[in-house]
Structure formats: structure tokens, C-alpha cells
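To start, the structure itself, in C-alpha cells.
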Amino acid sequence: MISKLMSPPSIDWPSKFARKLEVVIDPSLRNYYAAGMPEPNTPLDEVTFLAMDFETTGLDSMQDDIITIGTVPFTLNRILVNQAKHWTVKPRKQLAEESVIIHGITHTDVLDAPDLAGVYQDVLSQMAGRIIVVHYQRIEREFFANALLARINEGIEFPVVDTMQIETQVQQKRNGGILSKIRGRKPESVRLGASRTRYGLPQYTPHHALTDAVATAELLQAQIAYHYDRKTPINKLWV
């Protein structure tokens, strides 16, 4: 059954990309914006998505840095694991012990890794022409924009479909409101693992960028199957 979830405010991303193309200087960024994206009315089942996940040294994009990036292209029908990519990059600040405990990436792991300046072109090539899918958009958007700004003096903007945002709407619809509160019901966790469990998806070990990217791709496939018509235009989901 298709539930009626609210659509996020629609942004004219094709026009924004056209404006960006007129002002950006970095060749890789120009190529990214020049690749464009699907038209806003493209049905979901005709879109090629790119699930993306970052592991970082912390949660402050102004102070912390990216250490691993995982991406995997997918459609509503299949996940293109043979086109998945994973990068380890050396942060510009020392790894904090608390972050090592979370993601398991140690000082030794990043010792000989390149700076993001050496791989961002490949990341942009993977992103080009695809709609990015993340679980909690602030991390990937803010960290990538600020990391590029620090290295090439230009940030980046891109449309995303946020599986956490979708799941938050689902939980508010099912368990929000006064009646649910009276009955003692409240929205459930929208963390990646908890969200996957509700759709019967298997549990993966968290905090590995590529594994989490695959997990996010599978989650969006399930969310669309449960809550959307496959012919829904992509601009009803992107933000």
C-alpha cells in the first residue's frame, strides 16, 4: 500500500547546476556540473542513484575531516556492487581516540593514505549524473563542501534523497500525533540499522563507509517499495 508522505520543498536543481557551471573554476567540478542530472519529472524507476557514506574524525564539518568514502550506484531493481568504490584518505588533523572506537580506522590505516585533494576528482566522477542517496544528509553535504573549500577554494552543492528524512516522516505518520501520545506510542528510532530492521533487511556491521552505502541503497529500495509509487517523480524526494 502506498502511504501519502509529505514531499520536501522542491528545488530546481537543473537550474542550480546551470548557474554553478557558469562560475566554477575547478575542472573536475565543472565536469560534475556539466554532467547534469535527471529531469525533475523523471520517474523513480528510471533514475540511477548513488548511495554515499562518509566516516569522519568527528561530527563538526568545520573542525573535523573525512577519512573514508564509500559509494555504490543502484536502481530500484538492483545494486551495482561491481561499480562500488571505497577510498581511505588522510585527514588534516589527528584521529581522536573516540572516533577510532566508533569506526575502527586507526592512525596506521591512514598513515600512507592520500589527502582528499588526490581523490576528489574520482569521487566527483562517481557522482556525475546520479542522484545521491544518504542517511542523514548533513554529514555528506557539509563535510564534502567544507573539505573541497579547504583544498580547492570551491565548495559543492548536490541534490540528495535522505533515507533518514523519509523514515522520520514514516514514523511521524504512524506513531506521531496526540492519539499516539495518549496510547503511549512514540516514533521509533530512525538510525540506519533500526530503520532496516523494520523492513526485514539484514543487519550489517555499522561504521564502514562502503557497507553503510550498500545498507542505505537497500533501505531506499525498501522505502520506495512500501511507501511510494515507482513512477513518482524524483523531485518529490530530492532535497
Side-chain angles (χ1 to χ4, degrees), residues 47-61 64-76 78-91 95-96 98-106 109-110 113 116 119-120 122-127 130-147 156 158-171 188-226 237-239:
V47 173
T48 299
F49 300 94
L50 185 76
M52 173 183 283
D53 186 80
F54 292 169
E55 294 298 322
T56 62
T57 59
L59 297 177
D60 184 348
S61 63
D64 295 303
D65 214 345
I66 300 166
I67 45 179
T68 60
I69 301 170
T71 63
V72 61
F74 70 103
T75 65
L76 295 192
R78 57 190 295 231
I79 296 175
L80 307 173
V81 178
N82 62 332
Q83 297 180 35
K85 301 288 185 181
H86 184 260
W87 297 268
T88 298
V89 293
K90 190 172 185 177
L95 288 171
E98 53 267 30
S99 70
V100 172
I101 292 171
I102 293 172
H103 47 60
I105 300 164
T106 67
D109 294 327
V110 300
L116 182 65
V119 303
Y120 79 92
D122 295 331
V123 179
L124 290 173
S125 293
Q126 186 80 334
M127 294 169 63
R130 293 165 170 163
I131 300 299
I132 309 306
V133 179
V134 300
H135 195 76
Y136 189 38
Q137 60 177 291
R138 189 177 70 82
I139 295 295
E140 283 73 23
R141 269 186 162 159
E142 291 186 10
F143 269 87
F144 202 27
N146 287 333
I156 185 173
F158 50 90
V160 300
V161 174
D162 187 345
T163 52
M164 177 181 278
Q165 184 177 65
I166 291 173
E167 201 59 24
T168 298
Q169 289 188 47
V170 170
Q171 287 305 307
E188 298 178 38
S189 170
V190 294
R191 296 176 72 89
L192 182 57
S195 298
R196 286 174 56 84
T197 297
R198 286 190 289 273
Y199 296 93
L201 297 170
Q203 290 301 301
Y204 298 146
T205 302
H207 302 301
H208 182 284
L210 183 53
T211 303
D212 283 353
V214 172
T216 300
E218 292 177 344
L219 177 58
L220 182 66
Q221 287 177 328
Q223 288 174 325
I224 291 174
Y226 275 81
L237 270 72
W238 73 25
V239 291

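Every heavy atom of this structure was used, including side-chain atoms; hydrogens, water molecules and symmetry mates were not.
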key: Among D64, T57, T56, side-chain contact (heavy atoms from CB on, under 4.5 Å) partner for D60   = D64
remark   = Correct closest heavy-atom pair for R141 and F158 would be NH2-O, 2.8 Å
remark   = Heavy atoms of D162 and M164 approach each other most closely as OD1-N, 2.9 Å
query = For residues Y199 and Q221, is any side-chain donor paired with an opposing acceptor at under 3.5 Å?
reply = no
Closest non-hydrogen atom pair, T211 against Y204 = CG2-CB, 3.5 Å
Between CZ on residue R198 and CD on residue Q223, distance to nearest 0.5 Å = 9.5 Å
query = Rounded to the nearest 0.5 Å, what separation is found between the CD1 atom of I132 and the CE atom of M127?
reply = 4.0 Å
task = Go through V134 and I139 one step at a time and tell me if the side-chain contact (heavy atoms from CB on, under 4.5 Å) criterion holds.
result = CA-CA 9 Å; V134 300; I139 295 295; over 6 Å; no
key: A215 backbone acceptor or donor facing R196 side chain under 3.5 Å   = yes
inquiry  = In the structure I gave you, are the side-chain heavy atoms of T88 and V110 within less than 4.5 Å of one another anywhere?
reply    = yes
query = Quick one: CD1 on I67 to CD on E55, what's the gap to the nearest 0.5 Å?
reply = 6.5 Å
key: Minimum heavy-atom distance between V239 and Q137, given as atom pair plus value   = CG2-NE2, 3.6 Å
task = Could you tell me whether the side chain of Q126 and the main chain of Q83 form a donor-acceptor pair under 3.5 Å?
result = yes
ask   = When rounded to the nearest 0.5 angstrom, what distance separates CG in D212 from CG in L192?
value = 5.5 Å
key: Neighbour count >12 (heavy atoms, 6.0 Å) for atom CG, L80   = yes
key: Main-chain N/O of V190 paired to S195 side chain as donor or acceptor, under 3.5 Å   = yes
request  = Show your working on side-chain contact (heavy atoms from CB on, under 4.5 Å) between V89 and D65 and close with a plain yes or no.
outcome  = CA-CA 9 Å; V89 293; D65 214 345; over 6 Å; no
inquiry  = Please verify the inter-ring angle class for F74 with F49; under 30° counts as parallel, over 60° as perpendicular, anything in between as tilted.
reply    = parallel
inquiry  = Any side-chain to backbone donor/acceptor pair from Q171 onto E188? Under 3.5 Å, distance only.
reply    = yes
query = Would a 4.5 Å heavy-atom cut-off, applied to side chains only, mark D53 and L210 as touching?
reply = no
inquiry  = Counting C-beta onward and ignoring hydrogens, is there a side-chain heavy-atom pair between V123 and M52 closer than 4.5 Å?
reply    = yes
inquiry  = Assess the residue pair L116 and I69 against the criterion (side-chain contact (heavy atoms from CB on, under 4.5 Å)); give the C-alpha distance rounded to whole Å, side-chain angles, the decisive distance to 0.1 Å, and a yes or no.
reply    = CA-CA 10 Å; L116 182 65; I69 301 170; 3.9 Å; yes
ask   = So does R191 have more than 12 non-hydrogen atoms from other groups sitting under 6.0 Å from CZ?
value = no
note = Here the pair of heavy atoms bringing S189 nearest to A194 is OG-CB, 3.6 Å
request  = Report the distance from atom CG of L219 to atom CG of L201, rounding to the nearest 0.5 Å.
outcome  = 6.5 Å
key: Considering all heavy atoms, the nearest A209-G70 contact   = CB-N, 3.4 Å
query = Roughly how far, to the nearest 0.5 Å, is CD of E140 from OG of S61?
reply = 11.5 Å
key: Counterpart residues, side-chain hydrogen bond (donor to acceptor under 3.5 Å, both in side chains), relative to T197 (two or more places apart)   = Q203
inquiry  = Quick check: do L237 and I131 have side-chain heavy atoms less than 4.5 Å from each other?
reply    = no
query = What orientation do F144 and F54 show, parallel under 30°, tilted 30 to 60°, or perpendicular over 60°?
reply = perpendicular
